Amino acid sequence: MRGQGIDLASYADVSDHAGDIYQQVAEGNMPMGGPAWTSDKVATFKNWMDDGYPKGTPMPIAIAQLAASNPNLRTRKDITTLSGPELDKLKAAFTAIMAREPSDPNSYFAQAAIHWYPAPNTYCMHHVPGYNPWHRAYMLSFENALRSVPGCEDVTLPYWDITTPFPDILKNPPFDKYVFQADVGPDPYSKGYVTNRNDYATIEVNLQRYKVTEAIARALTKTDWEDFHGYFAEPAPAHNTIIFAHDAGHDSIGPTMGDQDVAAFDPVFWFFHCNWDRLFWKWQTLVQGTVLNGLISTIDKNGDETSYQIFTDAALESINPFSAAPLNLKTTDVIDSVNSLNVQYTDPPAAAPAQMVAKTEMAALASRRFTVDTSRVNVRVKGINRLKIPGTFRVHLLKDGKEIARAAFFQPSEVEKCATCAENAIATFDFELPIEQVGDGQFSVQVEPTRPELVKGPLRNKDIGDPRVEVCFILSG
């Protein structure tokens, strides 16, 4: 129906004109040139309309069936559920790759070094559309390194569900620390540096202050790619979902994990990031976006063209360095974790189901009725030029001089030299807060670098773009 102005390859066009299309297929007038749709296909299309035009493509085979039919399927589990033999094998694999020479591509040093330092082969895939595909390939690369250890060929990388307490197993060798076997970067990251974390009570307090669990739960209710990730679409979606939670998690664990330059050298990084990949897969499953057509149907190619292009433009599908041997992966190769990568996840104990909330489409505003949630408001801090802030930083939202919310932003210390960062220089943060917590008062913003020694002189708001605060009610309907 292109001649009539309807692009049948466009989710927006098909959903907006579903009634017209239904009449044509029901009468046998479409598809042009035949054959006409069967009554079952027509009924399926009508059911899709009745269900509110859900996006995505159903998984062709249930995961349980795949597990039974595919002996090579890697099942990644919650680390607290591993059996004794599984844990012993994981410890053996970590210990072995940590002992390998840094020049060995399957050494712990070489795998951790992919994330940023040591230069010059630095890869910054944060706050950009390729974040989740890139880290999915990264987890596979590291898991393959573990599997290169004799006797550990079937080991899988477990995850830490960050909504639960820091696992005791990760507080003990070989998962508690790593000693640099070679120089990684400027002081203090020279040979002999020992990765370190905040004390575990502080980590728990930090995660609560950042409301990481709430941000994850919010993300899993979203039906659109941009809303699930947050941050990089236009107009800017709420930055309080997955990337917000990821950055807050890094800073909560700190100090090594809070510094993008060296975060991957802390052993907890792998269990931490395995969890973000699990959540990405869980979200894909919820929105039926586990194959290419299903996933791109969740992306607004007009509002977030780059996200659309990384899965549809061959020139942008690379996820270096994993597009080269031995993985040879592109973005489109990592979408279907189960069928393409042979990776699946078990749910953590007592996992709660997510209730999906469809994105409000501007074209449908005229025909929908909305209500204002008067119990909560969204407070947006916008206009922070992050290129003026070396390293990870925290944003404190203050009312009458007292903190009422906080966020973190994970980035390299030499941020001005990072091409990826330069493309997304202006940072925005959103805080959904109870209206009584906002109330009357004077808002202000305090930006706090996590490595103040890198800042020359005081960090004034006018030096970082004069950030602004906007407060608005939240529509629902």
Side-chain angles (χ1 to χ4, degrees), residues 115-116 124-128 131 135 160 162-163 166 196-200 202-219 229-232 236-264 266 268-269 272-273 275-276 279 379-398 403-413 415 418 420-421 424-433 444-455 459 461 464-465 467 469:
H115 195 251
W116 188 246
C124 179
M125 292 301 294
H126 304 91
H127 314 101
V128 290
Y131 158 74
H135 282 83
W160 165 39
I162 198 172
T163 67
F166 202 105
N196 63 103
R197 305 166 185 162
N198 293 322
D199 67 80
Y200 296 107
T202 298
I203 292 173
E204 298 299 329
V205 170
N206 288 345
L207 292 172
Q208 292 173 19
R209 284 178 176 169
Y210 281 123
K211 299 183 178 179
V212 168
T213 297
E214 183 178 312
I216 291 171
R218 183 184 297 114
H229 287 81
Y231 187 75
F232 46 71
H239 180 32
N240 57 9
T241 49
I242 281 298
I243 291 181
F244 177 100
H246 161 272
D247 289 9
H250 269 284
D251 185 53
S252 294
I253 299 168
T256 304
M257 271 284 283
D259 189 341
Q260 184 183 311
D261 297 354
V262 293
D266 185 334
V268 74
F269 173 93
F272 173 88
H273 257 290
N275 186 56
W276 298 115
L279 291 169
V379 181
R380 170 166 287 190
V381 176
K382 59 188 299 185
I384 296 178
N385 185 347
R386 65 187 183 104
L387 300 186
K388 302 297 183 180
I389 310 168
T392 297
F393 61 92
R394 305 179 186 111
V395 174
H396 303 272
L397 178 64
L398 310 176
E403 179 184 291
I404 59 172
R406 65 168 59 182
F409 202 95
F410 185 65
Q411 64 178 19
S413 59
V415 61
C418 172
T420 302
C421 301
N424 298 278
I426 306 302
T428 298
F429 302 87
D430 288 273
F431 306 95
E432 286 190 20
L433 301 171
S444 59
V445 176
Q446 178 185 355
V447 175
E448 175 193 5
T450 60
R451 295 187 63 189
E453 72 274 12
L454 300 179
V455 180
L459 191 65
N461 279 354
I464 57 173
V469 177

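Being a predicted model, the structure only gives us computed values, none of them experimental. By convention here, the first residue in the shown sequence is residue 1.
Side-chain atoms of Val381 and Phe431, non-hydrogen and from C-beta on, do get closer than 4.5 Å to each other. Side-chain contact check for Phe429 versus Ile384: some heavy-atom pair is nearer than 4.5 Å. Proximity of Ile389 to Val415: side-chain heavy atoms (C-beta onward) are nowhere separated by under 4.5 Å.
To the nearest 0.5 angstrom, Phe409 atom CZ is 5.5 Å from His239 atom NE2.
Here the options are Gln411, Gln260, His127, the test is side-chain contact (heavy atoms from CB on, under 4.5 Å), and the partner is Asp247; only His127 passes. Each of Arg380, Arg218, Lys211, Lys382 was checked for a salt bridge (Lys or Arg N to Asp or Glu O under 4.0 Å) with Asp430, and the lone residue meeting it is Arg380.
Shortest non-hydrogen contact noted between Asp266 and Asn196 is OD2-O, 4.3 Å. Nearest heavy-atom pair, Ala219 versus Thr241, reported as atom, atom and distance to 0.1 Å: CB-CB, 3.6 Å.
The ring-ring contact (aromatic ring centres under 6.0 Å, His included) test applied to Phe410 returns His126, His246, His250, not counting sequence neighbours. Thr213 meets the side-chain contact (heavy atoms from CB on, under 4.5 Å) test with Thr163; sequence neighbours excluded. Applying the side chain to side chain donor-acceptor pair (under 3.5 Å) criterion to Arg394, with sequence neighbours excluded, gives Asp251, Glu448.
Aromatic rings from His135 and Tyr131 are positioned such that their centres are separated by under 6.0 Å.
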